[in-house]
Amino acid sequence: MKKVRVRFAPSPTGPLHIGGVRTALYNYLFAKQNYGDFILRIEDTDQTRFVPGAEEYIIEAFEWLGIPFDEGVHIGGKYGPYKQSERKVIYLQYALELVNNGWAYYAFDTPADLEQRRAQAEAEKKTFQYDARSRGGLCNSLTLTPAEVEQRIHADEPYVIRFKYPENSEILVHDLIRGEVRINSNLLDDKVLYKSDGMPTYHLANIVDDHLMEISHVIRGEEWLPSAPLHVMLYQAFGWEAPQFAHLPLLLKPDGNGKLSKRDGDRLGFPVFPLLWKDPKSGEISSGYRESGYLPEAVINMLALLGWNPGTEQEIMDLPTLVSLFSIEKISKSGAKFDLEKAKWFNHAYIQMAPDTLLLDLFQKELQKHNIHPDTDYLLKIINLMKERVHFIPEFWEQCAFFFVAPTDYDEQVIKKRWKPGTDVHLKKISDILSSVQPFNKEKAHNLVMEYIQGTELNMGQIMNSFRLSLVGAAKGPDMFEIIDLLGVAETQKRIARAIETIIVN
RNA sequence: GCUGCAUUCGUCUAGUGGUUCAGGACAUCAGAUUCUCAGUCUGAAUAUCGCGGGUUCGAAUCCCGCAUGCAGUACCA
């Protein structure tokens, strides 16, 4: 059997969309399951859309995700180069081969000419299509004499090479996900294969490269399905064996039904890109999963299940597990909406499974942003106490800040509800009780404080919440005596004193 | 407009003619965890399988039509 070789082929026109990441992931899973190769090819045949930094972004994104390539622009390989602009020289000969054997032709119509045709057709409520019916009336090597064609080319007149569809023939695309898709060639237009700027279009380049790189399976987004017949015909025209095709369903926006777009993310509060991206032209910033505090394993797991599932009830799966369970047959046919809540749940689950050393590293980076550099042991204790409450890495700061900085202001709602005249007296007493526990022991302190509260005939919630307010600044956080244990009795007493001083009840 | 693809709980989905008046997960709601918030645990509610016709003893599952949604329709990928 032929070796499985798949490719992920983005064009460097901006940051990598999360849908693209999923496409790449499915390619990777399929390749690895079949002991095949996973290749990164850059499709930069449109020079006008080139965006600096995009290629580096793509590579960095996969590094962060932990999805390695076997061959690609950044690592080379036997089938290089892996960037289409560097393969420029090879495409013309293939385009010419098609012209010579009658599968393609030169066309000299200018964009303006065609635009006019389209406008005219529209005025007549018709649609213009460059196809078997219209090509006889246009300016190309089918209507011009060979001498005229040669003369135009010699005069450096701009031209394109178009594919010549056979008239009225049924084209069959076999798709691994959708089964057989049929379309009549009359409905298709003679696509440009080779542009007047000397570059191939996607259609030509992708067929030539896939063939030369011995790609066995083309797994790509559904948006390519309409041009799949062209690709099938191209393989036929070259006399090459076509790879197998699988067209993936789209990733949809959470509200409405459209395709998930760049705008949706920041509008609805989740990233659409793996890494933060700053547009080099506009300076516009789009958030990334990495910077938003997602763990790459969680992103992969969540993405894998958006459009595929193993058919069992298992939801938490790491990369190796996904590799072993993946199958193209189980990919669903319809689009999947991104679900922020589920993503949150996955990330929380992965934070629970993450090794302390990783969490420590991530936590330290968060703290560095606030110029705080605490002791490692102290951090590890906080991580163990707090990790089950965090969904995203930045919460290690948002929810744990009070372990490093004493509160300066106190939640008004809580003051109003819990801080009554006399509260200060009780807190001072608790402060004294804490001093009496030598050495400090959280169970013992807990018992003594509870005993005291019972003696006061006061509601425990009242006292404990004002106490909490003094240490945390709000009515949230883990067990009070765990906090005291970490903060230390001296710091606790300082905070109590400060709260009493600051909070004055009328 | 034309062409193609799709259509099961709010969301992701299981299900491939019969122990399914449809199972799981997220979200939601309730209870528990005797300071808070979060988390966790337990439980509950939620889909007549887009609609209409067939085929069959029997259909979410097969066929046809319709509706809706999405994609494509560039010298972009």
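Just so we're on the same page: letters track the sequence lines, and every chain starts at 1.
- For the pair A:Tyr202 OH and B:C76 C1', the computed distance is 12 Å after rounding to whole Å.
- Side-chain proximity of A:Asp339 to the nucleotides B:U11, B:C75, B:U34 is greatest for B:U11.
- A salt bridge is defined here as a Lys NZ or Arg NE, NH1 or NH2 lying under 4.0 Å from an Asp or Glu carboxylate O, and A:Glu180 with A:Arg182 meets this definition.
- Evaluation of atom-type donor-acceptor distances gives no pair under 3.5 Å for the side chain of A:Asn309 against the base of B:C12.
- Candidate nucleotides B:C5, B:A71, B:C35 were compared by shortest atom distance to the side chain of A:Leu225, and B:C5 ranks first.
- Using modelled atom types, one finds no donor on one side chain facing an acceptor on the other under 3.5 Å when comparing A:Arg178 with A:His247.
- Listed candidates were B:U40, B:C35, B:C75. Nearest to the side chain of A:His348 is B:U40.
- Counting any heavy atom pair closer than 4.0 Å across all strands shown, A:Val160 reaches a base atom.
- Within the shown strands, B:U3 is the pairing partner of B:A71 under the Watson-Crick or G-U definition, both distances less than 3.5 Å.
- For A:Met302 and B:U11, the CE to P distance is 18 Å, given to the nearest whole Å.
- Checking B:A71, B:U73, B:A77 against the side-chain heavy atoms of A:Lys191 singles out B:U73 as nearest.
- When both distances must be under 3.5 Å, the Watson-Crick or G-U wobble mate of B:C66 is B:G50.
- When the C1' atom is used for both B:A45 and B:A30, the distance is 10 Å, rounded to whole Å.
- Residue contacts for A:Lys259: at a heavy-atom cut-off of 4.0 Å it reaches the sugar-phosphate backbone alone, with no base atom in range.
- B:U61 is unpaired under the Watson-Crick or G-U wobble criterion, no partner having all donor-acceptor distances under 3.5 Å.
- In this structure, A:Asp210 pairs ionically with A:Arg41, as a charged nitrogen and a carboxylate oxygen lie closer than 4.0 Å.
- Separating the CG atom of A:Asn206 from the C1' atom of B:A77 is a distance of 10 Å, rounded to the nearest angstrom.
- Pair assignment for B:C76 gives none, since no Watson-Crick or G-U wobble pairing has each distance under 3.5 Å.
- The base-pairing partner of B:U16, taking Watson-Crick or G-U wobble contacts with both distances under 3.5 Å, does not exist among the strands shown.
- Across all strands shown, A:Glu388 has heavy atoms under 4.0 Å from base atoms, whether or not it also approaches the sugar-phosphate.
- Rounded to an integer number of Å, the gap from A:Lys344 NZ to B:C12 P is 19 Å.
- Within 3.5 Å, a donor on the side chain of A:Arg389 pairs with an acceptor on the base of B:C37, or the reverse.
- Side-chain proximity of A:Met460 to the nucleotides B:G23, B:U36, B:U34 is greatest for B:U34.
- The listed nucleotides are B:A77, B:G4, B:U36; the one nearest the side chain of A:Arg49 is B:A77.
- When the C1' atom of B:C26 is taken as reference, atom NE2 of A:His391 falls 11 Å away, rounded to whole Å.
- Between A:Glu167 and A:Arg133, no side-chain nitrogen of the basic residue sits less than 4.0 Å from a carboxylate oxygen of the acidic one, so the salt-bridge criterion is not met.
- In this structure, A:Phe338 atom CZ and B:C12 atom C1' are separated by 12 Å, rounded to whole Å.
- Using the six-membered ring where Trp is involved, A:Phe163 and A:Trp103 have ring planes that are parallel, under 30° apart on the 30 and 60° scheme.
- Judged by distance alone, with hydrogens and angles left aside, A:Arg178 brings no side-chain donor or acceptor close enough to the base of B:C5 to form a pair under 3.5 Å.
- Looking at heavy-atom distances under 4.0 Å, A:Thr13 makes no contact with the nucleic acid at all.
- Between the C1' atom of B:A38 and the CG atom of A:Asp411 lies a distance of 15 Å, rounded to the nearest Å.
- Checked against B:A14, B:A25, B:C35, the side chain of A:Asn465 finds its nearest nucleotide in B:C35.
- Comparing B:C35, B:C75, B:A27 by their closest approach to the side chain of A:Asp479 singles out B:C35.
- Between A:Phe404 and A:Trp397, the ring planes are parallel. Angles under 30° get that label, and only those over 60° would be called perpendicular.
- The pair A:Lys164-A:Asp190 does not count as a salt bridge, with every side-chain nitrogen at least 4.0 angstrom from each carboxylate oxygen.
- Base pairing annotation: B:U11 forms a Watson-Crick or G-U wobble pair with B:A25, both donor-acceptor distances under 3.5 Å.
- Using a 4.0 Å heavy-atom criterion, one finds that A:Gly307 contacts the sugar-phosphate atoms exclusively.
- Out of B:U36, B:G4, B:C12, the shortest distance to the side chain of A:Lys337 is found at B:C12.
- At the heavy-atom level, A:Ser334 lies under 4.0 Å from the strands shown only through sugar-phosphate atoms.
- As judged by a 4.0 angstrom heavy-atom cut-off over every strand, A:Ser332 is placed among residues touching the sugar-phosphate backbone only.
- Counting only heavy atoms from C-beta on, A:Arg468 has its side chain closest to B:C35 among B:G4, B:C75, B:C35.
- In this entry the distance linking CG of A:Asn384 with P of B:U40 reads 17 Å, nearest Å.
- The partner of B:G31 is B:C41, by the rule that a Watson-Crick or G-U pair needs both atom distances under 3.5 Å.
- With 3.5 Å as the limit, one finds no donor-acceptor pair spanning the side chains of A:Asp411 and A:Gln413.
- Across all strands shown, B:U36 forms no Watson-Crick or G-U wobble pair with both distances under 3.5 Å.
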